[in-house]
**Q** 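Have a look at this one.
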Amino acid sequence: MKLTEIMKLTEAELLCGDAESQDYKNAFSSDLMSDVLTNEADEAFLITGLVNVQAIRTAEMADISCILFVRDKEIPPNMIRLAEESDITLLRTKHTMFWVCGVLYQAGIVSVY
Amino acid sequence: MNFEYTVSGDDYSLAGRASSDIKKKLKQLGIPATVIKKTAISMYEAEINMVIHADGGIIKVTLDPRHIRIILKDTGPGIPDLELAMQEGWSTASEEARELGFGAGMGLMNIQRNSDGLHIDTVVGEGTTVTIVLNMED
Ligand SMILES: Nc1ncnc2c1ncn2[C@@H]1O[C@H](COP(=O)(O)OP(=O)(O)OP(=O)(O)O)[C@@H](O)[C@H]1O
Ligand SMILES: [Mg+2]
């Protein structure tokens with residue numbers, strides 16, 4: 001599914017990166033960073049409510065190229081800068097993790113494993 | 001080739017910078033992507049540990065044609081029961097570390113799974129030295 005379509009479904013806004021060129025079949029949701037690092041999640045985008053620099057670092061280490069932040073969290077400029085340096089696309093939605101996962105699952109996005 | 005980093009124990013937002021830098025260097029050197037990812041994940045878990053469980057420390061990374069060797073040395077509290085610490089789910093992470101998304105008790109196991117060698121030398125009250133070895137070839 002095109003990332004632009006994912007944005008439409010989850011009513012997400014783009015904070016940085018290029019949504020036009022990305023396509024995903026899989027998603028992974030977690031607030032535990034070691035959990036993210038354990039998974040073969042590099043073909044997936046990450047859905048998380050965890051807003052801090054380590055969320056970006058974790059994505060960088062795990063080769064994850066897009067993060068969708070849920071629950072209308074404020075994303076500070078230093079996080080956006082770090083994501084830009086690492087070529088990571090950031091999205092934000094006001095909806096909850098549960099809602100976002102439900103909507104995407106229904107639309108055909110599948111779990112990483 | 002040798003690289004050395006001083007990791008601060010005070011600023012959680014800086015944790016992971018050394019691992020990020022090594023990841024970029026390995027990319028420039030044309031190391032296989034699978035090896036880079038395993039190295040980045042292992043080093044990052046250990047770097048985070050030295051920040052959240054100790055007070056930062058020194059990381060030395062050595063590259064030779066066959067291996068990547070990462071030595072992380074801290075002068076933190078040490079690990080009283082290493083066998084227990086290695087178990088999935090065991091964690092003494094502080095509330096502050098948990099708010100950052102750490103403390104699942106999965107880091108050491110994750111390092112073991114991703115690396116080709118993990119050795120931990122630890123003395124309670126003196127500190128911990130973690131040595132991680134990865135093979136250059138996948
Ligand atoms: N450098 C260290 N100094 C002191 N104790 C450590 C160190 N590294 C690990 N430990 C101890 O080992 C435990 C397990 O570490 P591990 O990395 O597996 O999990 P964690 O850091 O608690 O959580 P996670 O890595 O999942 O975020 C830690 O909770 C801590 O008690
Ligand atoms: Mg850990």
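In what follows, chains are A, B, ... by sequence order, proteins preceding strands, each numbered from 1.
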**Q** What distance separates B:I36 CD1 from A:M61 CE, expressed to the nearest 0.5 Å?
**A**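 Rounded to the nearest 0.5 Å, the CD1-CE separation comes out at 12.0 Å.
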
**Q** Identify the heavy atoms of B:S13 and A:V53 that sit nearest to each other, and give their distance.
**A**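 Looking at all heavy atoms of both residues, the closest pair is O-CG1, 3.5 Å.
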
**Q** Given that the side chain runs from C-beta out, which part of B:R17 has a heavy atom under 4.5 Å from chain A: side chain, backbone, both or neither?
**A**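 B:R17 touches chain A through backbone and side-chain heavy atoms alike.
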
**Q** Would you give the length of the straight line joining atom OG1 of A:T38 to atom CD1 of B:I41, rounded to the nearest 0.5 angstrom?
**A**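 Between A:T38 OG1 and B:I41 CD1, I get 8.0 Å after rounding to 0.5 Å.
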
**Q** Check whether A:Q54 reaches the backbone of B:Y12 with its side chain - one donor and one acceptor, N or O, closer than 3.5 Å.
**A** yes

**Q** Does a side-chain heavy-atom distance below 4.5 Å link B:E45 with A:L37?
**A**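 Heavy-atom side-chain distance check passes, below 4.5 Å.
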
**Q** Between B:R98 and A:D31, is the closest basic N to carboxylate O distance under 4.0 Å?
**A**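 Between B:R98 and A:D31 there is no salt bridge, as every charged N stays at least 4.0 Å from the carboxylate O atoms.
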
**Q** Which atom pair, heavy atoms only, marks the closest approach of B:G107 to A:S34?
**A** N-OG, 3.8 Å

**Q** Can you tell me which portion of A:S86 sits under 4.5 Å from chain B's heavy atoms? Options are side chain, backbone, both or neither.
**A** neither

**Q** Any chance you could measure B:S19, atom OG, to A:E60, atom CD, to the nearest 0.5 Å?
**A** 9.0 Å

**Q** Less than 4.5 Å to any heavy atom of chain B: does that hold for the side chain of A:N52, its backbone, both, or neither?
**A** side chain

**Q** Kindly indicate whether the side chain of A:R57, heavy atoms from C-beta on, has any atom under 4.5 Å from the side chain of B:E47.
**A** no

